[in-house]
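Working notes for the structure below.
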Amino acid sequence: MKRKVTAALEAWAAERNKKPLVLFGARQTGKTTSVLDFGATRYQSVVHIDFVRQPALKAAFERSLDPKDIVQLLAALLRRSIEPEGTLLFFDEVQECDQAIASLKYFRQDAPEYDVIAAGSLLGVHVARQGSFPVGYVDMLTMHPMDFEEFCWAMGEERAFDVVRASFASRSSCPLHDHMMELYRDYLLVGGMPEVVSLWSEGASLERVRRAQRDISTAYVADMTKYATAAEAAKIVATWGSLPAQLAKESGSTKFMWRYVASGAKADRYQTAVDWLVAAGIASQCTQVSDGRSPLKSFENPASFKLYVADTGLLSCAYDATPADFETTDRATGHFRGGMAENYVMQQLVSAGVQPYYWGMQSTYEVEFVASLGGTVVPIEVKSGRRVRSTSAVRFAEKYGCPLIVRVSAKDFGFDGTVFSVPLYAAVLVGELA
């Protein structure tokens with residue numbers, strides 16, 4: 001399937017004095033497939049080393065970190081010639097081999113003629129725990145689940161999203177609004193995991209999709225128990241399991257609350273569990289800011305945050321949601337739909353490379369997301385339906401002199417004073433505002 005990461009890989013490969021590239025990302029987001037597909041079209045040969053499936057290849061890194069020695073041993077173990085010209089070295093599941101990670105420094109220093117990509121499903125967790133990483137000697141890239149535009153590509157709706165992009169650019173209504181809202185609701189159910197999207201695009205039932213999503217969630221929990229101590233794993237699993245309830249609280253607030261994790265849970269005991277989920281790439285953290293001025297990070301309050309599931313489809317699966325759950329306007333389930341919409345918008349912003357924060361408190365005023373776009377601080381309000389009010393965002397804009405408010409909702413594109421109405425299916429384009 002067509003992925004946006006391919007363009008980033010092509011740009012890296014075109015650099016004259018490139019560093020080894022480290023590709024981060026959660027399990028099942030398509031890292032291996034994307035690198036292999038890219039390698040097959042860009043290089044004459046790809047040397048794919050999977051340290052999980054081929055643990056014996058770790059021996060090539062044990063005696064020396066000299067790239068010439070490593071390549072010589074890999075060639076012997078793989079029984080093939082490895083020439084730098086036209087070859088991509090791909091170290092997959094590299095978190096399983098510390099010496100391979102360390103060797104990237106020396107490939108940069110002593111063997112720049114080799115193009116090297118390293119990827120790992122839990123590489124972020126591994127680096128955080130080991131505290132050893134060749135900073136400055138590698139380029140880094142993070143791969144996320146498929147965003148809504150990529151989902152449209154997979155569904156054969158590339159031309160339809162081109163129409164959306166044109167409407168976004170012209171700030172005019174989209175002639176395919178109803179059609180795109182249907183695709184948006186499909187995305188809430190399916191999400192962006194490539195295997196799941198592939199099933200859906202081939203006509204699989206929602207039941208089959210749910211089985212695939214549950215398998216991925218089970219694999220995530222297995223990773224938690226495999227790559228953490230028993231005590232840490234229990235906290236990580238409990239924190240992960242609390243997210244559906246965190247995002248559908250009756251109060252309407254999606255702020256992360258420790259009491260939803262476990263009775264008596266507090267930050268001093270459970271914060272490492274949150275850090276693990278974020279480092280693993282399966283959750284995204286959005287921190288509160290006390291002020292709406294740039295740079296936003298200087299006003300960050302780390303103790304107050306929201307935590308979202310990195311793939312909206314997995315969240316939908318955790319609720320066992322059905323299409324009818326997103327089509328209803330029942331007020332009793334409004335908090336669920338609102339939380340799903342927030343999670344979706346967070347996923348689209350993160351995929352677009354935006355660093356979102358949030359502002360205010362639910363009991364008074366709260367803006368779901370605040371981000372720096374085109375050098376300007378922009379409040380981004382999220383509504384799951386068509387009935388919208390921008391009270392909090394307007395208050396924020398007045399307080400901090402923001403010339404633009406973005407309101408993401410089920411309404412079509414439009415402008416009302418300083419409020420730019422962006423339909424939910426175009427949320428991934430918000431990062432392109434200048």
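Both backbone and side-chain heavy atoms feed into the values below; hydrogens, waters and symmetry mates do not.
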Spell out, as yes or no, whether a donor-acceptor pair under 3.5 Å connects the side chain of S103 to the backbone of A100.
yes
More than 12 heavy atoms of other residues, nucleotides or ligands under 6.0 Å from CZ of R208: yes or no?
yes
Closest non-hydrogen atom pair, L206 against A321:
CD2-O, 4.1 Å
Are the side chain of Y137 and the backbone of Q109 linked by a donor-acceptor contact shorter than 3.5 Å?
no
So, is the end of the R171 side chain (NZ or CZ) under 6.0 Å from the ring centre of F420 and within 45° of the ring's axis?
yes
Contacts of D186 meeting salt bridge (charged side-chain N to carboxylate O under 4.0 Å, His left out) (sequence neighbours excluded), chain-then-number -> none
Take atom CZ in R211; do more than 12 heavy atoms of anything else shown fall under 6.0 Å from it?
yes
Look at the side chain of W12 and the backbone N and O of P20, then say whether any donor-acceptor pair between them is shorter than 3.5 Å.
no
Report yes or no: does S198 contribute a side-chain atom to a donor-acceptor pair with the main-chain N or O of P194 at less than 3.5 Å?
no
Using only atom types and a distance under 3.5 Å, with no angle test, would you say the side chain of D325 pairs donor to acceptor with the backbone of T322?
yes
Give a yes or no on whether the backbone of V261 and the side-chain of S242 come within a donor-acceptor separation of less than 3.5 Å.
no
Would you say K19's side chain and D139's backbone share a donor-acceptor pair under 3.5 angstrom?
no
Between the side chain of Y260 and the main-chain N/O of P244, is any donor-acceptor distance below 3.5 Å?
no
Determine whether more than 12 heavy atoms belonging to other residues, nucleotides or ligands lie under 6.0 Å from atom CZ of R159.
no
Is the backbone N or O of A26 less than 3.5 Å from a side-chain atom of K31, with the two atoms forming a donor-acceptor pair by type?
yes
Distance-only donor-acceptor check, side chains Y308 and E342, under 3.5 Å
yes
Sort out for me which residue in V428, D147, T312 forms a side-chain contact (heavy atoms from CB on, under 4.5 Å) with Y344.
T312
